[in-house]
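Note on naming: letters A, B, ... go to the chains in the order of the sequence lines (proteins, then strands), and numbering restarts at 1 for each one.
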Number of protein chains: 2
Amino acid sequence: MNNLRIELIIFIGFLCLNISLLNAQNLKSPNGNLELKIKLNEEGTPLYSLNYKNISAILPSKLGIELKDIPSLIDGFKIDEINTDEIDENWSPVWGKQKTIRNNYNELVIKLIQPELDNRHIFLRFRLFNDGLAFRYEFPKQATLNYFVIKEEHTEFSLNGDHKIFWIPGDYDTNEYAYTTSKISEIPSKIEEATIFINSQTPIQELAVQTPSMMKSDDGLYINIHEAALQNYAAMELNVDVANKIMSSHLVPDALGNKGFMQTNTQSPWRTIIVSDDARDILASNMIVNLNAPTEYEDTSWIKPTKYIGVWWEYFVEGKSTWAYGTETNVKLNDNFRELTPNGRHGATTKHVKDYVDFASENGFDAVLVEGWNIGWEDWIGHWKENVFDFTTPYPDFDVKEVGTYAESKGVKIMMHHETSASATNYERRLDRAFDFMNKNGYTSVKTGYVGQIIPRGEHHDSQWMVNHYSHVAKRAADYKIMVNSHEAVRPTGLHRTYPNWIAQESARGTEFEAMGGLAPEHASILAFTRLIGGPMDYTPGIFQTDLSHYGKNKQRVNTTLVKQLAYYVTMYSPLQMAADLPENYKRFPDAFQFIKDVAVDWDNSWYLEAEPGDYVTIARKEKGKENWFVGSITDENSRTAIIEFSFLPKNEKYVATVYADAKDASYDVNPQNYTIKSIIVNSKSRLKQYIAPGGGLAISIKKVSEN
Amino acid sequence: MNNLRIELIIFIGFLCLNISLLNAQNLKSPNGNLELKIKLNEEGTPLYSLNYKNISAILPSKLGIELKDIPSLIDGFKIDEINTDEIDENWSPVWGKQKTIRNNYNELVIKLIQPELDNRHIFLRFRLFNDGLAFRYEFPKQATLNYFVIKEEHTEFSLNGDHKIFWIPGDYDTNEYAYTTSKISEIPSKIEEATIFINSQTPIQELAVQTPSMMKSDDGLYINIHEAALQNYAAMELNVDVANKIMSSHLVPDALGNKGFMQTNTQSPWRTIIVSDDARDILASNMIVNLNAPTEYEDTSWIKPTKYIGVWWEYFVEGKSTWAYGTETNVKLNDNFRELTPNGRHGATTKHVKDYVDFASENGFDAVLVEGWNIGWEDWIGHWKENVFDFTTPYPDFDVKEVGTYAESKGVKIMMHHETSASATNYERRLDRAFDFMNKNGYTSVKTGYVGQIIPRGEHHDSQWMVNHYSHVAKRAADYKIMVNSHEAVRPTGLHRTYPNWIAQESARGTEFEAMGGLAPEHASILAFTRLIGGPMDYTPGIFQTDLSHYGKNKQRVNTTLVKQLAYYVTMYSPLQMAADLPENYKRFPDAFQFIKDVAVDWDNSWYLEAEPGDYVTIARKEKGKENWFVGSITDENSRTAIIEFSFLPKNEKYVATVYADAKDASYDVNPQNYTIKSIIVNSKSRLKQYIAPGGGLAISIKKVSEN
């Protein structure tokens, strides 16, 4: 308890006689830019509002939770107690965008009681950072409230205008939609078109969008709404009330429509509103990780940022290879897989994976991902089938032990793949055995997948039960010192602080969609402000052969230049980075490939040089523990000139910057593989103006000038 | 393929030109008493009927499966192929009512095709035994049918009259109702009263009863409808069409109302109709086990029939002890349980369990069940809470290792208890660890419990997912050489042949209800014809102190005489038998207790001497591998005189029979503890007429006259 809190307690003593005054509170951010106001209305419902430099970010907005079968936590409240606190501390993540993170906020905790319900009570905890507001509902242990079921959370975010918004449709099962940029008022007319087909999708019936929700107001405010520390609670989507410009929480239901099974001495996740008048502050924000609990893992030495290649992209390009070994289309897990008819194109063979191991070893990669190694792929999708995979039985042409031993001899790890086909129950009951199998074969990380309709049937990818499932997998993996990279899981909310072995997630439309319809050139510059706000993404960049007709008749293309793919290693923060293309393509462009070989995956610090959601992002980062810097810059479908100020470099030192740039005639659709590479000498006062092609990028690696 | 089949194939060749003849088939049982007729009606729907000695057991009844989203397997069928077979073989169960079981039936397999649906096809497989009919639907692998979802199975059982029926209400979650005896036509007026409160119940909205459904016709036919080999399918309940006297299948749905997720190369469970004009044949039937698959376990030496006592009944009688250790009412699994406030009455303490071990050792019991040993019991029920128990953390006053070591030194096993609180997901994800913990502490069997609402939420105790769960637990337990005794699981269907370590189940209203409202005196003589038809029951008999006011003010009583409790060890077949009363009560009646000490739990053979459902049952059994016989006889609320013919004994030998009988002044409600014990000499020609009191019983142990 600090002075401010003591003062407030005295203050409360004074104000006990004056409920109307007690019923209004305010709080400022440490730097004074943000101001939070709290009040109770006449019904005893709490409202909050948020200003940034006296501009409204959030107008007065209601808070409350609707319960099932018992009176709700919505109205009839009185403020019973108020506490404040100020925190300013630094901490070091196991891995991250910077080695030291500052956690600096002013806190206001309001105890709300419902006098007509035997003083049943909750706490509202607000934390006001310089970069935004976070708050959560806390449900303390009490005689009058033990177990309860949430029917809906009614947290409002009332906006002061018809903002520009970067959105994907609300959906209980997928976050793999393409983004639409529009005014809030345009969402209704655009949502049908935006709700494209995704394997396993449950679009919300009401008008709703997903978080992180990135907005820009006509006043020039950037507002990002998301949540932090999503544990034992359904994910929050946002209902959109277009007429009133109010967004409100929409929790993902279970099979029966319930939205949360709760036992007191618990809390909601944090609701987060990152706000600034400078888009770069949104990218720089550490609010989300700060709101998550520190890890309780005693030993984290086994958690290692990883650069990898994999038997993967070849499954997406025409005529290469397949996950499945057999030609059959009706297969059961207990069939004798040795009786399958080989299709002759199985990707994950011992020999082929050894070739990948050789390439990884020769080029300094840490690991090789192998998909399609285990039985079940003939017939794995689309049938809501529970026992698709067992995670321990390889196809007859893949020798787990031999590959593991070979990789070890080459200093390379094999990354296990556990596609669950969304059958979480099947995965959970086999989990100990699957991880034990990995331990015995020397595999230290796993890519998990959740393609399909969830089992337990009726649950959703983002419902409370599944939210718990993903955490359970991360925790159990930690028991076996295994790192997890989850695909098709609920989007991240900073839990990688608590479970640092949950090293990355997909949880958005990633590179694979370049081979299934393509991504808009602006996609990655929106992702930086949306999906990546919650945590690192396994975007799987590095596609050099962007025109997929290279492989056959398929006219699909990756909508970037080659150089933009390099830039992603810096702009798409992740401690797990894939070089996703085929080795044969890297051999064709060895000079450009050098950047991927050089780029770091863990950082001492990051600098956000240029940013505008949907348009461009330029970021510089310093490699952890080394005097190497890397810069990445991406643009949308328009060309632009990036301006790189090298002030992030230490003063009075000279550096060699290797600049990978789009050629003048390059663009995402014409000559995407035309690039230039030049070396320049820079120091902290240098400034580089560099052309970036439409759908292009810029990548720079910076080293000290060698002393010889 | 035998001659009959070859003849039929020739026959089919001949009849191909005559569809109307092909569309009717019949089959007789090996002894000719039963006759099955099959035909297709004009809509192409199959119908079957069954006669017993020319009396109708089942009138022509439709067969079919309604599918979701695709055309059903109900009509439009043509018979494409017919095969028959005759089987007469013997096999030996790991344990059972007899050491050799005869499996003798005539089989008819009909291939039905739907010409208008690209010849989509199923098989109907009928097996006609001397004691009844079984049939199932088989769904072969085929181009036109791969995955499908069952909306409902429409198997009819059309009855030829308003039979007397012993029934419990249809319910998706419990089979612990008390039985009602009535005419079929009286079910509607009695079902509301019959639907008493049970913890976690989901009565079927339509008029429905459960299986095994025992009926008696005015013609004197005994008809028992049940199912066998319930695997990967929802349990079948029976809709009752009172007007037409037609019962029909009603499968238990999942959370979304689906009734089965199927992939071809599969089948339904067997639908079974045991029929005779002698009630004893119903008890003697081995049809259900015969229809189950032989076990695939290579080693079954670790599966041992078991007689046990336990820290259990003391939780049901007033003021004794509690499962819970603490007084708290809001507890979480991750709380520090060492901070609980001891309630001072915790049952499962190291010391108390050691006393039970001593008693078990002194009296020849194999094992001691310990309930309430693990954290979570303060607050375990009624909240649909997922993480109630972890199955590996004992209360601070129970030392798992010390108790295990002590028991081992006394030649006694400790039986682990895993109450899941119906949170099957929680149990599955902890199962390997729980069983590994048991192995490490020398515990070789587990009693599982499923009290409460099922998680996955929306699933039911008897839905397909849970049916798979129970089998999964049995199979996984076998990996650890652990025997399973499941309570509150779906009622058995003979799967103990396939999984002989699934040694017993509760799955009906057992002894515990004597302390919670009481059981009718006729209850056990109905159970023999209903619940026990599917497999052994852990009924937990042996209550000597039947008047529970002995312990305090609770006026509950066990509605049997003391001797009837002895008789249960013979009439209630199970390889797992508890002596459920407190050791102090056995010490008060050492002469009667001798029967429990003597009685076997595995058998060479069994003889069904007298039987009438709801009235009385008399059974003799020979101990496996020993020259000892035991007879049990029970009656309902009426006294009767049992007539025991000792013709089951080997000829020309003399035996001592120790006869435990109700005293003349005894009855279930007055003087229940009055009994007589006498020894008589008997041989295979002997006949004993013995009085049995109202709610009473008779128990006889028979040994060879010793040669000295």
Side-chain angles (χ1 to χ4, degrees), chain A residues 140-143 145-149 232 253-258 261-266 328-335 379 381-388 423-436 453-459 463-465 468-469 472-473 475-476 479, chain B residues 140-143 145-149 232 253-258 261-266 296 328-335 379 382-388 423-436 453-459 463-465 468-469 472-473 475-476 479:
Chain A
K141 214 181 224 190
Q142 55 194 290
L145 191 63
N146 189 353
Y147 294 89
F148 60 99
V149 178
N232 195 25
D254 73 5
L256 305 174
N258 298 307
F261 282 80
M262 310 291 284
Q263 183 180 2
T264 53
N265 192 17
T266 190
E328 285 72 5
T329 56
N330 180 345
V331 167
K332 293 185 184 183
L333 197 47
N334 55 356
D335 289 348
D379 178 28
I381 197 171
H383 303 294
W384 224 352
K385 174 180 176 180
E386 184 155 16
N387 296 300
V388 178
S423 178
T425 49
N426 178 52
Y427 192 38
E428 289 201 2
R429 72 171 68 98
R430 297 175 190 272
L431 203 51
D432 273 315
R433 293 173 178 212
F435 287 157
D436 183 59
Q453 282 181 284
I454 293 292
I455 303 178
R457 295 189 185 95
E459 292 285 348
S463 61
Q464 183 188 25
W465 196 92
N468 287 339
H469 166 82
H472 169 68
V473 171
K475 283 183 275 188
R476 193 147 287 197
D479 291 346
Chain B
K141 215 179 223 190
Q142 55 194 290
L145 191 62
N146 189 353
Y147 294 89
F148 60 99
V149 178
N232 195 25
D254 72 5
L256 304 174
N258 298 308
F261 282 80
M262 311 290 284
Q263 183 180 3
T264 53
N265 191 17
T266 190
E296 293 180 357
E328 284 74 4
T329 56
N330 180 344
V331 167
K332 293 185 183 181
L333 198 47
N334 55 356
D335 289 347
D379 179 28
H383 303 293
W384 225 351
K385 175 180 174 179
E386 184 155 16
N387 296 301
V388 179
S423 177
T425 48
N426 178 52
Y427 192 39
E428 289 200 3
R429 72 172 68 99
R430 297 174 189 273
L431 203 51
D432 272 315
R433 293 172 180 214
F435 287 157
D436 184 58
Q453 284 181 281
I454 293 294
I455 303 179
R457 294 189 185 96
E459 291 286 348
S463 62
Q464 183 188 25
W465 196 91
N468 286 340
H469 166 82
H472 169 68
V473 171
K475 281 183 276 189
R476 193 147 286 198
D479 290 346

Closest contact, heavy atoms only, B/Q263 versus A/D379: NE2-OD2, 3.1 Å
Listed partners of B/H472 passing ring-ring contact (aromatic ring centres under 6.0 Å, His included), at least two apart: none
Heavy-atom side-chain contact between B/N258 and A/R457 under 4.5 Å: no
Reported CG-to-CG distance for the pair A/N387 and B/N232, which is rounded to 0.5 angstrom: 8.0 Å
Donor-acceptor pair between B/Q142 and A/N330 side chains, under 3.5 angstrom: no
Polar side-chain atom of B/R476 near backbone of A/R429 as donor-acceptor pair, under 3.5 Å: yes
Atom group of A/E386 that falls short of 4.5 Å from chain B, counting heavy atoms: side chain
Between A/N146 and B/T329, a side-chain donor and acceptor under 3.5 Å: no
pair B/F261-A/K385: side-chain heavy atoms closer than 4.5 Å: no
Side chain, backbone, both or neither of A/V331 within contact of chain B (heavy atoms, under 4.5 Å): backbone
For chain A, the option from B/I455, B/N468, B/T264, B/T266 that forms the most heavy-atom pairs under 4.5 Å: B/T264
Chain A contacts, top residue of B/K141, B/H383, B/E428, B/E459 (heavy-atom pairs, under 4.5 Å): B/H383
Lys/Arg N to Asp/Glu carboxylate O, A/R430 vs B/D432, below 4.0 Å: no
Contacting region of A/W465 [heavy-atom separation from chain B under 4.5 Å]: side chain
Contact origin within A/D479 toward chain B - heavy atom pairs under 4.5 Å: side chain
Structural part of A/L431 lying under 4.5 Å from a heavy atom of chain B: neither
